[in-house]
Amino acid sequence: MNIENIIRDKIAEAIQNLYQHTIDSISVQVAKTKKEFEGDFTVVAFPFLKISKKTPEQTAGEIGEYLIGNIKEISRYNVIKGFLNIVVSNGYWLTFINEINAVTDYGYNKPGKNKKQIVVEYSSPNTNKPLHLGHIRNNLLGWSVAEILKANGKNVVKVNLVNDRGIHICKSMLAWQKWGNGATPQSTGTKGDKLVGDFYVKFDNEYKSEIGNLISKGFSEDDAKKNASLIIATQELLKKWEAGDDEVRDIWKMMNGWVYKGFDETYKKMGVDFDRTYYESDTYQLGKAIVLEGLKKGILQKKDDGSAWIDLTQDGLDEKLLLRADGTSVYMTQDIGTAVQRFNEFNIDKHIYVVGNEQNYHFHALSLVLNKLGYNWSKDLYHLSYGMVELPEGRMKSREGAVVDADDLIDEMILTAREISKELGKLDGVTAEEAEKTYKMIALGALKYFILKVDPKKNMLFDPKESIDFNGNTGPFIQYTYARICSVLRKAKEQNIVVPSSIDTETILNGKEIEILKLIYEFPSVVKEAGKEYSPALIANFVYELTKEYNQFYHDFSILKEENPKIRDFRLILSKTASRVIKSAMGLLGIEVPEKM
RNA sequence: GGUCUCGUAGCUCAGUUGGAUAGAGCAACAGCCUUCUAAGCUGUGGGUCGUGGGUUCGACUCCCGCCGGGAUCACCA
């Protein structure tokens, strides 16, 4: 049983014995003691004053006295202004580290017998442009959240839904037909997704200039947009695609093929993967039958032109279109269909959509619509809504090419990592291949940590001019700490010092060592909280705190040169355990850690 | 206009379900490598937590108003 629960129980017991009043032990708040006070855990006495009818100091003192007498793991306490600070004995911490040394996956919950699955849908790219920094945030978040849920013992399915059809891809196709001269990735030496993206931008530029021309000829802006020959030709292309026109389908397949190859490369570089990939060209017809059924039941309304609507005004939203007058489906229709499909296909406990907060309204509506249609699992849908990545000049706009390209960014990071490493001469002793692997590890570590350390819900800023740091609160800092520990353990081995599997529980500890132990102790609850909140940021902030603390310890105390063998052994175990936790935590973020850097 | 969000040091971000004197990193300045990796460590300066009320023993945290930024309210996805 963990010490906080023991304290909770005993406090409830103390209240009962001292003041003849029954309270629920889980309602007792046990917090970490602030750095500037002596103690490990703090209990605030104020909530008990009504029960004790005494001053805060008296109440805290009486409870403290009771705890000393009844919990052997507590060595002493102090009271400051109604705050009861509890000091846990060295013996407890030493027993704790011995215990976790015996387990291999400390901090993780074993997969339960529960066969229910959690589906995490993320990435979900459009096939008309390459991935950019916004997609990076999405992918890293989705992947990491899936890993964190696995660490919480959940049965997770990672899913991608590729938006491979629609007006946007037709724009790239039309531009390729008109101005492409048969260009292919091979003929141009361009990565497939980039090539298709270039045609998308080309389309947009030509379209804009056509609109400009029309406006100068007296068209209103709206009319110009609707009547431009380019947009009309694009719509024709879409119609042909929907009709299954062979030529159009062939171009579509070819160009999407280029894009997939490009995406796969980027995914691989980022280290994200999926258990299943769906394509909207297969699923975009889903949902129609459900909507028609809803009409029949009178849950949905049909307008005069034949379009189908749902009225969400009671829920504070508006009326929402579910089927066009011509019977074709819209975004919402498809999402209804795919949701139903997923719940048929999997035994779903929770379905998580990792999608930007610009679609909050859509997912709010989606869950209401499904609920009204009678699917009681609509409450199990969860929109993991993350904030936008903004540039100093505002949002990224892919049509205008004002984006930070994913591949470029990663490549630049690798370049920087290589430069810094060479400058510091850190990898002089290793093979070129090994060094190259480490540069990539560091570059991705920096990028992933930079993104994941921020609370997913919040918008974040990325300034390309101030490239991502490698010092301070960064991925490389944490990786460096790991490498340092590995180095110490290597040296120990060279000196034939064996790290013992357990340690004498009478060993005397210093304050820094206890601080590190306390952080290691917190790891499981951080994993749990991160799972509950779907927040890799909690893991990132935790592991930073741990490494910061470790670096201070490393600086202030020597390990291998420590003369007292018991203390030396303890420090080795402590270091090894810290490195294990660092590696696990970083693993949950998708960040690898090097043994040398 | 409706709905939803965000506002913490010059900049980027933390701040557990309300708890003690609001913390890190970067940037600036000053120190520390014959000692287990200096991608490190130590110190200094830097704040009316947007603002005004309210609830509370106690508010960065909860409630209301206002100011400022963002998103969304498409027969786009």
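Residue numbers begin at 1 in each chain, while the letters A, B, ... track the order of the sequences.
In this structure a side-chain-to-backbone donor-acceptor pair under 3.5 Å is missing from A:Ser385 to A:Gly356.
Looking at heavy-atom distances under 4.0 Å, A:Phe470 makes contact with a base. A:Met388 comes within 4.0 angstrom of no nucleic acid atom, judged by non-hydrogen atoms across all strands. A:Ser421 comes within 4.0 angstrom of a nucleotide base, judged by non-hydrogen atoms across all strands. Here A:Glu595 lies in heavy-atom contact (under 4.0 Å) with a base. Within the nucleic acid shown, A:Leu323 has no heavy atom closer than 4.0 Å to any nucleic acid atom. Contacts of A:Lys548 with the nucleic acid, taken as non-hydrogen atoms under 4.0 Å apart, involve only primed sugar atoms and P, OP1 or OP2. Among the heavy atoms of the strands lying under 4.0 Å from A:Tyr544 are primed sugar atoms or P, OP1, OP2 only; no base atom is included. Nucleic acid contact class of A:Pro47 (heavy atoms, under 4.0 Å, all strands): base. Heavy atoms of A:Thr474 sit nowhere under 4.0 angstrom from any nucleic acid atom. Residue A:Ile559 is classed as a base contact, given a heavy-atom separation below 4.0 Å to a base.
One atom, CZ of A:Arg395, and another, C1' of B:C6, lie 15 Å apart when rounded to the nearest Å.
Here A:Tyr361 does not count as stacked on B:A71, because the ring centres are not under 5.5 angstrom apart with planes under 30°. Stacking is not found between A:Tyr480 and the pyrimidine-like six-membered ring of the B:G40 base under the 5.5 Å centre-distance and 30° plane-angle cut-offs. Remark: ring of A:Phe37 overlaps the six-membered base ring of B:A20 in a stacked fashion, centroids less than 5.5 Å apart, planes less than 30° apart.
Checking the phosphate oxygens (OP1, OP2) of B:G40, a side-chain nitrogen or oxygen of A:Asn471 falls inside 4.0 Å. Regarding contacts with the backbone of B:U17, every side-chain N or O of A:Lys532 stays at 4.0 angstrom or more from both OP1 and OP2. Residue A:Lys458 places at least one side-chain N or O closer than 4.0 Å to OP1 or OP2 of B:G7. Side-chain nitrogen and oxygen atoms of A:Gln552 include at least one within less than 4.0 Å of the OP1 or OP2 phosphate oxygen of B:U42. One finds a side-chain N or O of A:Lys491 lying less than 4.0 angstrom from the OP1 or OP2 phosphate oxygen of B:U37.
Ring geometry, A:Phe542 versus A:Phe523: the interplanar angle falls under 30°, so the pair is classed parallel (tilted spans 30 to 60°). Aromatic ring pairs are classed by plane angle as parallel below 30°, tilted from 30° to 60° and perpendicular above 60°; the pair A:His362 and A:Tyr331 is parallel.
The nucleotide B:C66 finds its pairing partner in B:G50, both defining distances of the Watson-Crick or G-U wobble pair being shorter than 3.5 Å. Look at B:C13: its Watson-Crick or wobble partner, with both distances under 3.5 angstrom, is B:G23. B:U72 is paired with B:G2 under the criterion used here, namely a Watson-Crick or G-U wobble arrangement in which both key atom distances are under 3.5 Å. Judged by Watson-Crick or G-U wobble contacts below 3.5 Å, the nucleotide B:C29 has B:G43 as its partner.
You'll find the ring centres of A:Tyr284 and A:Trp241 inside the 6.0 Å limit.
In this model, a side-chain donor or acceptor of A:Asn85 finds a partner on the base of B:A20 within 3.5 Å.
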Handout entry: From CA spacing to verdict: side-chain hydrogen bond (donor to acceptor under 3.5 Å, both in side chains), A:Thr59, A:Ser52
Key = CA-CA 7 Å; A:Thr59 309; A:Ser52 70; 2.8 Å; yes
